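To keep things clear, I will list the structure first and then write my remarks on it.
Owing to the predicted nature of the structure, the values given are computational and were not obtained by experimental measurement.
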Amino acid sequence: MKMSPDRRTAVAAGSLFLLTEVAAIAGAVLYRPLLGAADGRLAQGADTRALLGVLCEVVLVAAVAGTGAALFPVLRRHSEGLALGYAFGRLLEAAVIALGTVAVLALVTLRRDAEAAAGADVALAALHDWTFLLGPNIALGLNTVLLAYLAYRARLVPRFIAVLGLVGGPLICASAVAVMFGAYAQLSVAGSAAALPVFAWELGLAGWLIARGFGPGAGTAARPGAAAAEPAPVRR
């Protein structure tokens, strides 16, 4: 059975959201030992794991940018400004993640070199941690609010899924600010709890788009710039 363009878009966007979750978790698990290496010394095989983690991050960057591009044709029917904001917001998020990935690559190089400048590896680890805070937390939170608001208003998905995003986006932003000011560590019980609604939102959104597609409101709005229909002449 041939799928409609909107159905193909929904499957593509849902698959990309799932890919972001898998790539983000796999990347963090693989390169985390590198960031916490004691005295800057790499355990055997840690550099290979870190490089595999970087490859996962490259996939993550492509998938994050891809969600904005994939959803743009549908979102612009309801608000071209917000649709552009979401697309560029995802590009910004991807760029910040890419910067953190470069920091991981530089760390691999430094820790392979026994005579690396003292403190440089610590600075690069800090750079990665800050990009992780600004990209997959603050930028992600803002992008989540934009998309969830459009999804709620246009009935693109069931409202309980959209509400998860409307709650989770501000929550993860607030948590990132708390981490920034030293209230608690990013990788902590509080930080993980604050990220759960966004995680549930992305999984729920991805699953719904793949299984059911967009809701009935996806194609009802007039396209931007479309002329308003003239009223029918009154019969005398």
Side-chain angles (χ1 to χ4, degrees), residues 16-17 19-38 40 46 49-51 53-68 85-108 110-111 119-148 164-203 205:
L16 286 169
F17 272 111
L19 187 58
T20 61
E21 297 295 340
V22 173
I25 293 171
V29 169
L30 286 167
Y31 64 64
R32 182 56 53 182
L34 174 76
L35 299 177
R49 286 187 58 183
L51 292 175
V54 165
L55 290 178
C56 291
E57 294 276 277
V58 170
V59 173
L60 172 62
V61 166
V64 166
T67 56
Y86 181 71
F88 282 108
R90 291 298 264 181
L91 282 175
L92 175 62
E93 184 182 339
V96 175
I97 294 170
L99 179 60
T101 301
V102 172
V104 171
L105 287 171
L107 264 174
V108 171
L110 275 175
R111 290 183 174 174
D121 57 346
V122 176
L124 286 170
L127 172 63
H128 172 271
D129 289 343
W130 280 111
T131 57
F132 190 76
L133 190 69
L134 295 174
N137 282 265
I138 292 179
L140 171 63
L142 296 175
N143 290 331
T144 295
V145 171
L146 271 178
L147 180 56
L164 275 174
L166 290 172
V167 172
L171 184 59
I172 200 170
C173 284
S175 177
V177 172
V179 171
M180 191 180 297
F181 285 94
Y184 49 80
Q186 191 167 3
L187 296 178
S188 62
V189 174
S192 299
L196 278 178
V198 164
F199 181 70
W201 143 258
E202 292 202 340
L203 285 184
L205 177 65

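One N or O on the side chain of N137 and one on the backbone of F132 form a donor-acceptor pair closer than 3.5 Å.
Atom OH of residue Y31 and atom OG1 of residue T101 lie 6.5 Å apart, to the nearest 0.5 angstrom. The line from CG of L164 to CG of L171 is 11.5 Å long, rounded to the nearest 0.5 Å. Atom CG in L91 sits 9.0 Å away from atom OG1 in T67 (nearest 0.5 Å). Distance CG/L147 to OH/Y86: 4.5 Å, rounded to 0.5 Å. For the atom pair CG (L60) and CG (L16), the distance works out to 11.0 Å, reported to the nearest 0.5 Å.
Residues A148 and L166 share a closest heavy-atom pair of CB-N, 3.6 Å. Taking all atoms of both residues into account, the shortest heavy-atom contact from C173 to G141 is SG-CA, 3.7 Å. S188 and A185 make their closest contact through OG-O, 2.5 Å (heavy atoms, listed as atom of the first residue, atom of the second, distance). Closest heavy-atom contact between A103 and L127: CB-CD2, 3.8 Å. Considering all non-hydrogen atoms of both residues, A23 and V59 come closest at CB-CG1, 4.2 Å. Minimum interatomic distance between G100 and T131 (heavy atoms only, all atoms of both residues): CA-OG1, 3.2 Å.
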Apply side-chain contact (heavy atoms from CB on, under 4.5 Å) to residues L51 and L30 and explain how you reach the verdict.
CA-CA 8 Å; L51 292 175; L30 286 167; over 6 Å; no

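Shown here are the side-chain hydrogen bond (donor to acceptor under 3.5 Å, both in side chains) partners of T20, two or more places apart in sequence or in another chain: there are none. E93 meets the salt bridge (charged side-chain N to carboxylate O under 4.0 Å, His left out) test with R90; sequence neighbours excluded.
Between L205 and E202 the shortest side-chain heavy-atom distance does not fall below 4.5 Å. When side chains are defined from C-beta on, T144 does not count as touching I172, because their heavy atoms never get closer than 4.5 Å.
Heavy atoms of other residues, nucleotides or ligands lying less than 6.0 angstrom from OH of Y184 number more than 12.
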